[in-house]
Structures are given as structure tokens and as C-alpha cells.
2 protein chains.
Amino acid sequence: MVFTKIHVLFDKYLMMLGEWKLKPKISDVAKKAGVSKTTVSRVLNNRGYISDKTKDLVYKAMEELHYVPNDLARSLYKKRSYIIGLIVPTTSNPFFGELTFHIENLCDELGYRVLLCNSSNRSDKEQKYWDMLLRNQVDGVIVITYNRGLINSDNKKNPVVAIDHYLSDTIPVIGSDNYEGGKQATELLVSKKCKQIIHIHGPDSLETPANLRKQAYVDVMNSYSRTPITYSVENVLDSNNHIKVISTLFDQHPDVDGIFASDDLLAAAVIVEAKKREISIPDQLKVIGYDGTETSKSLLPELSTIQQPIDQIAKVAIDSLLKMIENENHDLQLETWLPIKLIEGRTT
Amino acid sequence: MVFTKIHVLFDKYLMMLGEWKLKPKISDVAKKAGVSKTTVSRVLNNRGYISDKTKDLVYKAMEELHYVPNDLARSLYKKRSYIIGLIVPTTSNPFFGELTFHIENLCDELGYRVLLCNSSNRSDKEQKYWDMLLRNQVDGVIVITYNRGLINSDNKKNPVVAIDHYLSDTIPVIGSDNYEGGKQATELLVSKKCKQIIHIHGPDSLETPANLRKQAYVDVMNSYSRTPITYSVENVLDSNNHIKVISTLFDQHPDVDGIFASDDLLAAAVIVEAKKREISIPDQLKVIGYDGTETSKSLLPELSTIQQPIDQIAKVAIDSLLKMIENENHDLQLETWLPIKLIEGRTT
DNA sequence: CTGAAAGCGCTTACAG
DNA sequence: CTGAAAGCGCTTACAG
């Protein structure tokens, strides 16, 4: 009798759980199954020996209560959140959008979740995001953005890997083989008999390995005893800025017949401007870009470009980060440059 | 003397914190500042009265220890994580990439973080992600993917909003004015004297408001006493699938002179196939897409398309979700269709 | 095979 | 203006 009464009371409590949006916790499951919290936790984590009978009881109780474990509590105890932070300039850009997709997918496979941050390349936002990620106890961070100040000696302990950006001399950097890419792009234009080859690229101020694309261009030009000419776009995320620089380029060098743009969006803007000026591509002007995302292959398939192995970059970044998280970073490569692939379209 | 000794010991402990990668906690700050945990917490949260002197002591201690609050612990107590989950098919697709950017940006402004999930439109992944998000105690979820089974009666309590997909009759749906978009696209082709207008769209099986684009096409065709002809691409994320369907379309309807594609990537694939078959655009064939992302405007600026107000969609989605989270969902609209904009390029 | 107790790092009534 | 104590929902030695 007394037992029944308690049972009824407990069911009432459960109804309240439902109505008040209260979530059942491990002790509710324990009560319902008639075991201790410890046992429920053991069943939950498949840890230690539990009789099949008890297991079944617990499983049934969990099901009836629609129990959902609270990972926050678990993370707090374990000092491990299985969350990684990802700071990108913006997922609006197809290169970062695809990179984000691959990174998140790999994380998911490995049991990690990702907290996404779009910094818009603004260092104030990068800093705010960085602090937020630390407060949220992320296990590690992947950074695709520039902010040398971000990592100071205080937080060198946090596992971090950077993509295409030097952050400090202890943080692994992953990227495509920028030098080789820049070389192949320039060599292609030379081989196609371009007389006046110009390179357009991102901000000079950034200390990114992507500068090697420019370096390769300069070296190749010099190797043919030609004068390198480069134009810099200060804000890569602003397409109006693209147009202005490109327009200036054409005004100052009406004889240009070969352009190597450091990314595909820039190359696309070059093509637009050329069309506006009735310069025919590839007859009068040859254009090659960099990145070769799926999106640009779909939307602008005729573009010649240097394709980055985005999936491999994501893979190496995650692998390196996990090694750091697991403290197996003894044999960690500090720089990894993945092979690029020249894609010849109809713009060269 | 004794005091000094304790001081020295404490400093040693702090050194260990550094070496062992242990993070200082509130009690470390309290000890260093010579106050209680309660006081430190109050300073941290600017709550209740604290003397300026104490405040300064605490701030100094926090700084010296490089103290970082643990948001996991705070969330656990507060039963509020300030994290929202975002399930998209893939950020590789420019539409979702841009939507993700805007959603994350708005969240950041409002003090929320986002846990990103790429479902690849697979319902098994959607389900897994959904469970993961609940375990991680997200305050709400934005879903851009189809899985009616996802939301069952058990978890109707969780704040959710859907973008472009009907999940249940209690979950708000946000999207562009698909019907109006489909109508304007079709009317444009009609006004341009296309004789044979065909519509290509995503999977028929999905119960998405995007089907209204097709419905509008059908209605407009009927209003001109024409026979609607539609082709369906089963997997929108697979470009090979696009090509096959489009190729069939051209084979079966060599007389086609107007195509309304339900997204820009599909439209781009149509253009590629047309070029391959030496069909000139817009003379012999007019093409219009749907989405009008920044990326497609950059890479394929000549494409005529129906532009979705991605930023507004993100805004309404977040606003609705936050209302649900704050339990102010009394006046919540269940369906919101934001105005589209016809962009006439050079493919029509 | 199972449970009582302590603790993860916070916050907040409550008391003074 | 400040502190001791309880509790958020878990996990894990430890003991039996």
C-alpha cells in the first residue's frame, strides 16, 4: 500500500517534469529503476560490471522518462568538453564555407562538436571569440584568421592550429603548397605567351603563407628577366574593393594580357571588368585564379585555377589538433603544405 | 613570518597551475584576493554591493592569475547555456554558407554562441545531431533540413525554428516568398517570349515551402494555357546528379527555350550543358535561377535570378527563436515569408 | 555486482 | 558590504 502511494506520488512528479519543462536527471532514473545514481551512471557509460537485469531496468527507466544525459555536467567533471572552436573569416566565402564543412564533418566522426565563429577578419572580433571559446572550455581551436596578438604567453597551453596563417613559432600551420601554386600559375601564363603578366593579391600586411603565391610569381617573373607588377586588395571580403583595384590595374596597364589572381573571387572580378572593357578572354587576356572550390567549379567552370585540397587541409588540421589535445604532440609537424592541382579551364 | 610562508607556498602552487596546465578557479582568485568565493562571483557578475577596495583586490587577483571563468559550470547552475544549435545541409553550399554567417553573427551580437552541424541532408545525421544538441543543453535550435520525425511529442518543449521546411504544425517556419519568386521567374520567361518553359527543382518528396516555387510555375503556366513540364533532381547536393537530369531534359525537349531552375547552382549547370550543346544564351535559351547569393553574384554575375533576403531570414529566425527561449512566444508568427527580388542579368 | 560520498567550478538565497 | 552552505547534474575512487 505504502509502496503504491509513493509510486503515485512519483508519477505526479514526473507529470510536473513534463509540464514545467524540467528535464529528468540521473537521480530520477535511479529512483524509477530502484537503483543508485552510481549504477545508472555505470550503465550510461558502459563501465564496470552490472547485471543484465539491472541494466534492463535502467534502460527501461531512461526510456520511460525520456532521459537525456547532461553533457555540460559530464564535461565539468571530466574537464573535457569535446568541443573545438573554429574561427574563420566568414562561411559566406566558398573556400571557408567548404573548409568549415569538412572540419565539422571530421570532428563529428571523431566525437567532437564545433563552435563556429565568423571573425570577418576583424582582430577585435577574433579576440572576443578567442576569449569566449576559452570560457566555454573548448578542447582546442582551429584558427583561419590573422591575429598574432591572439596567442600570448598566457594561453600557449591551449591546443591551437592555424590554417594559412603564422600565429607564433609554436603553433602548427597547415595550408596548400602556396609557392608551388603561385609558380605553376605564373608559369602557365608565361607558357601561353603572355607578355605582360600581373599579379593581384590580398593585403600585404598579413603574415600569411599565402604570400608565397606572390613570392613565387615574383621569382618566376625574375627568372624570365621580366618585371613583376603586383596589385594589392586591402579588404578581400569586400567586392567593391576588388573592383576598384582591378579597374585601376586596367587603367594603368592597358597592355596587360595575363593576370594571376590570388583567389577565384578576385579572378571572377577580373573577368567581369574585362568584359566591361570588351577585352576578350582568353584571346586578349588570360586569367588564372586560386582555390578551386566546388562552388566556383560549379558557377564558373571555365576558370583556370590552382585547386587547394580543402578536405586534406581539414584532415591534417584536425589530426594535428587532436594530437595536441591528447598530448601526443611530440612528432608534430610545425608546417604542412599540401599539394595543389592546376586546373586548366578556358580562361587561359 | 607564518604569513610569508603561506604566501610562498601559494605562489608555488600557482607555478604548478602553470606547469600542469591547471586552470585557476574562483577559489584560487578568492584566496589570492583574501576574500570569499561569493565575493569573487559577485564581482564577476556585477551583482550586489561590493566595496571598490574589494573589487580592485579581486580584479588584480584575477589578472595576476589569468583567471578565465568556466562557462560550463555557470551554465550548469543557471540551466542556460547561451548556445544555440544550427543544423544545415552543408556550409559548402553558398546559400547555407551565407545563412550560417548571418545567423552566427546575429547570435554573437545577442550573446549566444552557435554549435554547427552539417547534416548533408541525411536524416540519420540530422537525428544524431539533434540528440547531441540536446545533450549539450542548447537553449534552442535552428533547423534547415528536412526530417519530420526529428521533432516528436517528447521534445516539443525545446525551442526550434525551421528555415524553409515544415517540421510540425507548432514550429515556426521562415523563408523567402517562394510563391511570388516562382511566379516572377516564370512570368519573366513568358514575357521574354519563351515558347517552351521548363522548371527544374529539388526532390519532390520533401515537404518544403520551396515547393511553392514549382506551384507558382505550374499556376502561371496554366494561366497562359500552357502545359507545365518539370524535372526533379533527387540529390541537390550532388552536381553529377544535376548534370544527368539536365542532360535528359535537353534530350527529351530539344525545343526548350526557357528554364527556371530552383536554385542558382542548378541554373549554372544548365548553362554549362547549354554551352556544351552549343545553345546560345539568352538568344536560343533563357535561364533564371533562385537564391541570388553574394557568391553567385560574384562568380556568375550574368545570371538572372530571384534573390532571397538571406540576412532577413536569419534575423527573423533568430528573433523568433529567442522569443521562444524567453517564453515570449505568445504573438509568434508560425509562417514568415520574406520578400524576394528579381535580378535580371544577361541570361534572360 | 552495487552504493554512499566527495567533487568538477560555478551561483545564489540566506544570514549576518 | 561580505561569507558559509547548498546545489546545478554528472563521475569516480573507495568500500563492501
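Naming: A, B, ... by sequence-line order, numbering from 1 per chain.
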Could you check how far [atom1] of [X] sits from [atom2] of [N], rounded to whole Å?
X	N	atom1	atom2	result
A:K78	D:dT11	NZ	C1'	7 Å
A:D71	D:dC8	CG	P	18 Å
B:L76	C:dT12	CG	P	13 Å
B:L134	D:dG9	CG	C1'	16 Å
B:I26	C:dC8	CD1	P	14 Å
B:R74	C:dC8	CZ	P	19 Å
B:Y77	D:dA5	OH	C1'	11 Å
B:R80	C:dC10	CZ	C1'	17 Å

If you compare every side-chain N and O of [X] against the phosphate oxygens of [N] (OP1, OP2), does one of them come in below 4.0 Å?
X	N	result
B:K23	C:dC8	no
B:K79	C:dT11	no
A:Y67	D:dC10	yes
B:S41	C:dT11	yes

* To do: Run the numbers on B:R113 and B:D71 for salt bridge (Lys or Arg N to Asp or Glu O under 4.0 Å), then give the verdict.
  => CA-CA 12 Å; B:R113 317 105 180 52; B:D71 273 358; 3.4 Å; yes

* To do: Assign A:N45 to base, sugar-phosphate, or nothing according to its heavy-atom contacts below 4.0 angstrom with the strands shown.
  => sugar-phosphate

* Asked: Touch check for A:V68, heavy atoms < 4.0 angstrom, all strands: base, sugar-phosphate only, or nothing?
  -> sugar-phosphate

Any protein N or O atoms within reach of nucleotides 1-4 of chain D? Criterion: under 3.5 Å, listing atom names and distances.
unit_1: D:dT2; atom_1: OP1; unit_2: B:S51; atom_2: OG; d: 3.2
unit_1: D:dT2; atom_1: OP1; unit_2: B:T54; atom_2: OG1; d: 2.3
unit_1: D:dT2; atom_1: OP2; unit_2: B:S51; atom_2: N; d: 3.0
unit_1: D:dT2; atom_1: OP2; unit_2: B:T54; atom_2: OG1; d: 3.4
unit_1: D:dG3; atom_1: OP2; unit_2: B:S36; atom_2: N; d: 3.0
unit_1: D:dG3; atom_1: OP2; unit_2: B:S36; atom_2: OG; d: 3.0
unit_1: D:dG3; atom_1: OP2; unit_2: B:T39; atom_2: OG1; d: 2.5
unit_1: D:dG3; atom_1: O6; unit_2: B:R42; atom_2: NH2; d: 2.4
unit_1: D:dA4; atom_1: N7; unit_2: B:T38; atom_2: OG1; d: 3.3
unit_1: D:dA4; atom_1: N6; unit_2: B:T38; atom_2: OG1; d: 2.7

* Lys/Arg N to Asp/Glu carboxylate O, B:R80 vs B:D139, below 4.0 Å -> yes

* Any salt bridge between B:K315 and B:E109, counting N to O under 4.0 Å? -> no

Assess the side chains of [X] and [Y]: does a donor N or O sit below 3.5 Å from an acceptor N or O?
X	Y	result
B:S41	B:T38	no
B:E126	B:T145	yes
B:N70	A:K79	no

* Structure fact -> side-chain hydrogen bond (donor to acceptor under 3.5 Å, both in side chains) filter on A:S36, not counting sequence neighbours, yields A:T39

* Asked: Would you find a donor on one side and an acceptor on the other, under 3.5 Å apart, between the side chain of A:S320 and the backbone of A:V316?
  -> yes

* Minimum heavy-atom distance B:L116-A:E104, with the two atoms named -> O-CG, 3.4 Å

* **Nearest heavy-atom neighbours spanning A:L76 and B:A73** => CD1-CB, 3.8 Å

* Out of C:dT11, D:dC10, D:dA13, whichever nucleotide has its closest atom nearest the side chain of A:R47 -> D:dA13

* To do: Tell me which nucleotide among D:dG9, C:dG9, D:dT12 gets nearest to the side chain of A:N70.
  => D:dG9

* Mind pulling the stems DNA chain D is in, i.e. runs of at least three Watson-Crick or G-U pairs, everything under 3.5 Å? -> C:1-3 with D:14-16, C:5-12 with D:5-12, C:14-16 with D:1-3

* If the C1' atom of C:dG16 is compared with that of C:dT12, how far apart are they to the nearest Å? -> 16 Å

* To do: Considering only atom P, compute the distance from C:dC1 to C:dA5 and round it to an integer number of Å.
  => 24 Å

